[in-house]
Structures are given as C-alpha cells and as structure tokens.
Amino acid sequence: MTRLSRRAVLLGGAGLALGACGSSKGSAAAKGTAATAKELPLDQLQIVRFFMSGTTPADVEHQLPFGLGSQDGVVLTGGPDQLEVQILDGSDKEVVPRAVVKRHAKQLERPYWPVRVKLPLGRYQAVFTSGGKTVGSPAFFDVGGFPDLPKTGDKLPVSPTPTKENTQGVTPICTRSPACPLHDVSLDAVLGKGKPVALMIATPAYCKTAICGPTLDVLLNNRVDGITYIHAEVWKDNTFEQSAPILQTYGLEFEPCLFVVKGDGTVAERLDVIFDADDVAAALAKAF
C-alpha cells in the first residue's frame with residue numbers, strides 16, 4: 001500500500017459509514033453544523049458506522065462504534081443516553097440478542113454508541129431502536145477481511161516510529177499544534193521489553209470533523225503511569241502521496257487507531273476511529 005486515501009465520513013441510506021479520518025474539505029461532517037439528534041424525529045436519523053467494513057476481527061471481542069447522522073450527511077451531537085441494538089446475520093437470524101448500549105462522549109464533541117461483539121467471519125447488520133422505535137436503517141458490516149491487521153491477543157509487529165532524533169523520513173513527525181510529547185522514543189526500542197506501550201496512529205491536523213480528530217488529545221489527557229506512550233503520524237509528508245511506513249507494516253487502511261500493548265508485546269486492546277476518555281481509561285487498564 002503506497003497511498004492512504006483522505007477518506008471523509010460517508011453517510012448512506014443503509015446506515016453505511018466509512019470510519020476514517022477525513023480532510024477538512026468535502027467532508028459532510030465538517031461542513032455541517034453541529035446539529036443535535038434531539039432536534040430530529042427517529043425516522044429522520046441515520047445510523048453511522050464509524051469503522052471500515054471488514055476490519056472487525058473474527059472470533060475476537062472487539063468494539064464497534066456507531067453514531068447518529070442526519071439524512072443530509074451531518075454527524076450529529078446529542079442523542080439518547082442509550083440505544084438498544086440487535087445484531088443479525090446475513091439471513092436475518094439474531095446472533096447477538098437485543099442489548100442496551102450507552103452513549104459515549106466524554107471529552108468529545110460528537111457521541112457514539114459502542115457495541116462489543118465476538119463474531120465469526122461473515123456479513124452482519126446492526127439494528128438500533130429507541131423507546132421501541134427503529135432508528136434509521138440497519139448498518140451492514142463484514143467481520144474479517146484484514147487478516148494482517150493486528151488484533152487483541154496478537155503480538156504487535158515490531159516497527160520503528162519517527163522520533164525527534166530520527167524522523168525516518170517522516171515530515172512532520174507530528175501534525176498536532178503544538179506538537180505532542182509522544183515522539184521521544186521509537187516503538188522498536190520499547191515494544192516487548194517488559195513495560196506496556198500505548199501506540200496512537202493518527203493525523204490530528206487533517207481531521208476537522210470533531211470525530212476522529214480529538215482522539216490524540218483524549219489520550220494525552222488520560223495517560224496513567226507505567227505505560228510508554230507513542231504517537232505515529234499517518235503520512236510520510238504533507239503531499240499526502242505516501243503513507244508512513246508503520247501503516248504498511250500493520251496493513252492499516254484507516255485511522256486513528258490506538259493499540260494498547262502489554263509488556264510482553266501482546267495487544268491488550270485495539271480501539272478504532274473514535275474513542276472517548278472512558279474507553280481510553282478502560283483500554284489502558286488492560287495493559288497491566
């Protein structure tokens with residue numbers, strides 16, 4: 001992979017969304033006003049899938065973040081404190097019974113409703129309801145399809161990351177303004193050496209949607225002692241023509257992505273695209 005497209009959050013009539021960082025140009029979420037879900041009736045809402053179909057690993061518990069959007073493509077703020085979700089397979093058979101999922105938005109502008117699942121390889125749909133009424137259309141997604149993408153329980157591949165002393169050709173090594181303090185050590189110098197690591201892969205300057213953009217700050221604001229924190233950028237330079245080497249190593253075609261890794265190098269948790277302070281705290285606790 002030599003190019004990671006500047007994907008915006010795309011909303012569709014079937015509740016489809018491609019969860020990835022979008023540019024500040026052309027993104028419906030960026031152009032829209034911060035409307036609230038409470039301003040619209042349930043039948044005018046759309047389910048937003050904040051993750052790429054196929055990136056959910058098979059047979060491993062993983063978190064799927066969903067949001068709410070308007071029919072004209074604006075990701076909404078607010079929304080119910082909780083939604084009910086039911087997961088069906090390709091033949092409309094229930095595989096995950098209806099469960100309550102709470103809204104997450106701590107230190108974020110726009111909320112999401114995370115669903116934790118452990119599903120075999122296949123095609124699925126998530127059906128959301130509120131107060132007995134269906135919200136939008138089902139959100140379809142595939143489980144499996146990215147076998148090289150590290151998941152919970154895997155050994156995270158050893159890869160160098162740019163530092164202030166060795167940029168490895170990545171310029172700039174941090175697009176946050178001001179630059180974050182997570183570029184002092186390379187991942188290959190600490191991974192699997194006995195101390196947990198939290199690796200954030202994100203390009204904060206090029207996500208203006210208030211969805212994935214703030215996630216680096218969420219991590220910075222919720223660090224705990226005993227973990228080495230590293231941030232790696234997505235692009236090799238500001239021409240956006242070539243992705244940074246670590247994306248190629250991990251087979252990563254979306255961002256942001258947070259890997260929380262135990263001292264032996266095993267992935268304890270992976271969070272994709274959008275995560276709030278509560279989810280970051282829970283993920284970091286799994287490192288020990």
Side-chain angles (χ1 to χ4, degrees), residues 5 7-22 27-29 32 37 40-76 79-80 82-104 110-130 132-149 151 209 211-212 251-257 270-275:
S5 62
R7 293 182 290 263
V9 176
L10 305 177
L11 305 182
L16 173 67
L18 178 59
C21 183
S27 168
L40 298 173
L42 293 178
D43 61 359
Q44 293 184 26
L45 296 176
Q46 293 294 320
I47 298 299
V48 180
R49 173 163 53 78
F50 286 140
F51 57 95
M52 283 183 65
S53 182
T55 58
T56 302
D59 303 313
V60 173
E61 185 177 86
H62 190 72
Q63 180 161 294
L64 309 180
F66 294 89
L68 293 176
S70 66
Q71 293 182 344
D72 60 355
V74 177
V75 180
L76 303 174
Q82 60 186 35
L83 293 171
E84 292 183 340
V85 64
Q86 180 185 33
I87 306 294
L88 309 177
D89 65 13
S91 60
D92 293 338
K93 178 182 177 181
E94 182 182 73
V95 293
V96 177
R98 193 178 303 276
V100 173
V101 290
K102 295 182 178 179
R103 182 181 66 200
H104 281 226
R110 288 177 170 86
Y112 63 99
W113 287 258
V115 181
R116 295 197 71 88
V117 297
K118 183 179 180 180
L119 297 169
L121 186 73
R123 177 79 164 168
Y124 299 91
Q125 57 179 302
V127 179
F128 286 85
T129 58
S130 178
K133 297 181 179 180
T134 301
V135 181
S137 302
F140 292 88
F141 62 95
D142 295 314
V143 168
F146 288 78
D148 296 330
L149 182 58
K151 60 185 181 299
T209 62
I211 298 165
C212 52
L252 197 64
E253 295 190 14
F254 66 89
E255 56 88 18
C257 187
R270 192 189 93 203
L271 296 177
D272 300 345
V273 181
I274 185 169
F275 30 91

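K118 approaches D59 most closely through the heavy-atom pair CE-O, 3.3 Å. Listed here is the closest heavy atom pair of F140 and R123: CB-NH2, 3.6 Å. Among all heavy-atom pairs drawn from D89 and Y124, the shortest one is CA-CD2, 3.8 Å. Shortest non-hydrogen contact noted between A139 and F66 is CB-CE2, 3.7 Å. R103 and P80 get closest at one heavy-atom pair: CB-O, 3.5 Å.
Here the side chains of R270 and C257 are in contact, with some heavy-atom distance below 4.5 Å. A 4.5 Å side-chain heavy-atom check between V96 and L119 finds at least one atom pair inside the cut-off. The shortest distance between side-chain heavy atoms of F275 and P114 does not fall below 4.5 Å. Within the 4.5 Å cutoff, no side-chain heavy atoms of D272 are placed close to those of P65. Under the 4.5 Å side-chain criterion, counting only non-hydrogen atoms from C-beta, L149 is in contact with L252. A heavy-atom distance below 4.5 Å is found between the side chains of H62 and L64.
Results of the side-chain contact (heavy atoms from CB on, under 4.5 Å) test with I47 over V85, L68, V127 single out L68 as the only residue that passes.
If you take OG1 on T56 and CZ on F141, they are separated by 6.0 Å, rounding to the nearest 0.5 Å. Summarising the geometry, atom CH2 belonging to W113 is positioned 10.5 Å from atom NE2 belonging to H104; distances are rounded to the nearest 0.5 Å. To the nearest 0.5 Å, atom CD of residue Q44 and atom CD of residue Q71 are 5.5 Å apart.
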- [ ] I would like to know whether Q63 and L271 meet side-chain contact (heavy atoms from CB on, under 4.5 Å); could you show each step before the answer?
- [x] CA-CA 7 Å; Q63 180 161 294; L271 296 177; 4.1 Å; yes
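The side-chain contact (heavy atoms from CB on, under 4.5 Å) check on Q86 picks up L88, E94, R98, with sequence neighbours excluded. Shown here are the side-chain contact (heavy atoms from CB on, under 4.5 Å) partners of L42, two or more places apart in sequence or in another chain: L45, S130, K133, V135.
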